[in-house]
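Encoded as structure tokens, the structure appears first; notes follow it.
Whatever order the structure lists them in is the order used to number ligands and atoms, beginning at 1. We use all heavy atoms of the structure for the numbers below, so side chains are in, but hydrogens, waters and symmetry mates are not. Heads up: numbering here begins at 1 and tracks the sequence.
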Amino acid sequence: MPANLSPEYKAAEAAFRKARDPRERLDRLREMLRTIPKHKGTDHLQADIKHRIKELSEELEGPRKGGAARSGPALVVRPEGAAQVALVGPPNSGKSALHVKLTGSHAHVAPYPFTTRYPEPGMMPHADIHFQLIDLPAISPEHPVPWLVGALQTADACMLVVDLGEPSCVEQVQALHEALREKRVTLTSRWNADADPSSIAAEEDEDPFALRLPTLLLANKADEIGNIDVELDAFRELTGFRYPAFCVSATTGAGLGDIGPWLFRHLGIVRVYTKAPGHPPDKDRPFTLRRGQTVEHVARLVHKDVAHSLRYARVWGKSGFDGQQVGREHLLADGDVVELHT
Ligand SMILES: Nc1nc2c(ncn2[C@@H]2O[C@H](COP(=O)(O)OP(=O)(O)OP(=O)(O)O)[C@@H](O)[C@H]2O)c(=O)[nH]1
Ligand SMILES: [Mg+2]
């Protein structure tokens with residue numbers, strides 16, 4: 001990291017690392033560019049920021065007027081639901097087939113590589129919440145997709161879909177990792193449900209644009225691969241990958257029921273039900289937080305004015321709370337009912 005970065009710039013960078021919404025990320029990048037001390041030592045970083053701004057504004061803009069316009073759907077997907085999980089993998093591994101099965105989308109599935117051309121969002125239900133799954137084009141050196149890494153920036157995690165029956169599977173997956181590494185994206189087997197992802201990034205990478213995505217490996221097409229557990233062990237041995245893994249089949253649905261509960265646990269999702277004084281809680285639509293988040297976070301999800309004027313909350317929940325009054329720093333647990341008082 002270049003020396004002499006001002007506190008103002010560092011604050012802008014910290015805000016960028018936290019931002020998930022693409023438009024907010026763009027605003028934060030502009031703030032980084034505005035506040036970065038302009039001298040030789042920051043030339044590189046300035047160029048990097050400018051490049052990111054250009055890329056992200058183009059991705060958000062959609063088709064441009066006149067000239068060599070890009071046309072087609074948006075290339076970044078605004079996060080919705082409890083978490084955004086990207087489906088990545090080599091061509092033809094069954095990413096889209098899994099997307100269809102898990103979200104009920106109409107993603108295009110075909111028996112040849114490079115079928116998917118654009119990001120396709122879909123919602124995967126789990127209990128009373130949803131995870132947003134993004135189907136993506138294959139990551140492969142034969143067919144690089146320049147915007148793909150941009151689309152990963154909003155993801156909380158990845159599911160790496162492989163077909164262990166494909167003879168070149170190991171090479172393909174190694175090439176995928178190499179392509180991502182060049183773009184400063186690291187897939188990691190560490191799912192720290194209790195830590196704030198932006199703070200892990202800050203500790204481990206000085207580079208504000210380095211992205212680490214917790215990854216779950218899905219060994220797909222279990223229906224047509226004899227002894228898939230043995231194949232998976234061999235694959236792990238050959239690659240050295242330590243990703244947690246499930247053997248699944250998009251065709252038969254085998255193994256798919258395990259994914260939602262696993263993501264719920266390992267992303268540290270906490271569901272909170274709000275209620276108005278004198279009324280029963282709204283049990284239909286929980287707000288979702290991460291483990292370690294507080295009453296203040298729920299208030300912010302309800303409305304920023306509520307967060308601002310919050311005086312106290314009352315909490316009912318498994319952790320022994322039965323309507324007790326708590327402050328904004330109170331940690332919430334899954335299933336808590338919260339009444340906000342402003
Ligand atoms: N037997 C079997 N075939 C599958 C399974 N999942 C996908 N397929 C088949 O594999 C082929 C590729 O599936 P897609 O879902 O299009 O693969 P993809 O990874 O999205 O491919 P690209 O978009 O080209 O990267 C299709 O012929 C699917 O029917 C599965 O679990 N079992
Ligand atoms: Mg596809």
* With heavy atoms under 4.0 Å as the rule, classify the contact between S96 and ligand 1 as side chain, backbone, both or neither. => both
* **Note: R20-E24 ion pair, threshold 4.0 Å (strictly below)** => no
* Structure fact -> shortest atom 15 (O) of ligand 1-to-protein heavy-atom contact is with A97 N, 2.7 Å
* Structure fact -> For atom 27 (O) of ligand 1, the closest protein heavy atom turns out to be P111 CA, 3.2 Å
* E224 neighbourhood, listing ligand 1 atoms whose heavy-atom distance to it stays under 4.0 Å -> 1 (N)
* Structure fact -> for atom 32 (N) of ligand 1, nearest protein heavy atom and its distance come out as D223 OD1, 2.7 Å
* Polar atom proximity, D135 to ligand 1 (N or O, under 3.5 Å) -> no
* Quick one: look up the protein heavy atom nearest atom 8 (N) of ligand 1 and list residue, atom name and how far away it is. => K221 CE, 3.7 Å
* Asked: Would you say L60 and R23 make side-chain contact, with heavy atoms under 4.5 Å?
  -> yes
* Asked: What atoms in ligand 1 come closer than 4.0 Å to a heavy atom of Y112?
  -> 24 (O)
* Contact atoms of ligand 1, heavy-atom distance to S249 under 4.0 Å -> 31 (O)
For residues 119-132, tabulate all N or O donor-acceptor pairs below 3.5 Å that involve a side-chain atom, not counting sequence neighbours.
| from | atom 1 | to | atom 2 | distance (Å) |
| --- | --- | --- | --- | --- |
| D128 | OD1 | R271 | NH1 | 2.8 |
| D128 | OD2 | Y273 | OH | 2.4 |
| Q132 | OE1 | E80 | N | 3.1 |
| Q132 | OE1 | Q84 | NE2 | 3.0 |
| Q132 | NE2 | R78 | O | 3.3 |

* For the student: nearest non-hydrogen atoms of P137 and T116, plus distance -> CB-O, 3.3 Å
* Structure fact -> among protein heavy atoms, the one nearest atom 2 (C) of ligand 1 is T251 OG1, 3.1 Å
* Provide, to 0.1 Å, the distance between atom 16 (O) of ligand 1 and the closest protein heavy atom, together with that atom's residue and name. => A110 N, 3.1 Å
* Contact list for residues 218-230, test side chain to side chain donor-acceptor pair (under 3.5 Å), sequence neighbours left out -> D163-K221, D223-S249
* To do: Would you check if the distance from the ring center of Y9 to the ring center of F16 is below 6.0 Å?
  => no
* **SB check E55 R52 (cutoff 4.0 Å)** => no
* Would you say ligand 1 has an N or O under 3.5 Å from any N or O of V248? -> no
* Nearest protein heavy-atom contact for atom 17 (O) of ligand 1: which residue, which atom, what distance? -> G94 N, 3.1 Å
* To do: Go through the side-chain N and O atoms of H108 and T115 and say whether any donor and acceptor fall under 3.5 Å apart.
  => no
* Asked: Is the backbone of I134 close enough, under 3.5 Å, to the side chain of K95 for a donor and an acceptor to pair up by distance?
  -> no
* To do: Measure from atom 6 (N) of ligand 1 to every heavy atom in L256, T252, N220 and give the option owning the shortest one.
  => N220
* Which protein heavy atom lies closest to atom 23 (O) of ligand 1, and at what distance to 0.1 Å? -> T116 OG1, 2.8 Å
* Mind checking salt bridge (Lys or Arg N to Asp or Glu O under 4.0 Å) for K38 and listing every partner two or more places apart, or none if nothing turns up? => none
* Atom indices of ligand 1 within 4.0 angstrom of P113 heavy atoms, with elements -> 24 (O)
* Asked: Which ligand 1 atoms are under 4.0 Å away from a heavy-atom of A138?
  -> 25 (O)
* **Electrostatic pair E31:R34 at N-O distance under 4.0 angstrom** => yes
* With side chains defined as the heavy atoms from C-beta onward, is the minimum distance between D207 and R184 less than 4.5 Å? -> yes
* To do: For ligand 1, find out whether one of its N or O atoms is nearer than 3.5 Å to an N or O atom of P91.
  => no
* Asked: Where is the tightest heavy-atom contact between V162 and C169, given as atom of each residue plus distance?
  -> CB-SG, 4.0 Å
* To do: Pick whichever of L87, V109, L218, V100 has a heavy atom sitting closest to atom 13 (O) of ligand 1.
  => V109
* Structure fact -> Closest heavy-atom approach to atom 19 (O) of ligand 1 among K95, K101, H143, E120 is made by K95
* Structure fact -> Scanning both residues in full, the closest heavy-atom pair of V145 with A138 reads CG2-O, 4.3 Å
* Joint cluster assignment, L331 & L301, ILVMFWY side-chain distance < 4.5 Å -> no
* Asked: Within less than 4.0 angstrom of ligand 1, does G89 place any heavy atom?
  -> no
* Check the side chains of D135 and S96 for a donor-acceptor pair under 3.5 angstrom, ignoring hydrogens and angles. => yes
* **Residue and atom names of protein N/O/S atoms that fall under 2.8 Å from the Mg ion (ligand 2)** => S96 OG, T116 OG1
* Between N92 and ligand 1, which part of the residue brings a heavy atom under 4.0 Å of the ligand: side chain, backbone, both or neither? -> both
* Are H297 and T294 close enough that a side-chain donor and a side-chain acceptor fall under 3.5 Å? -> yes
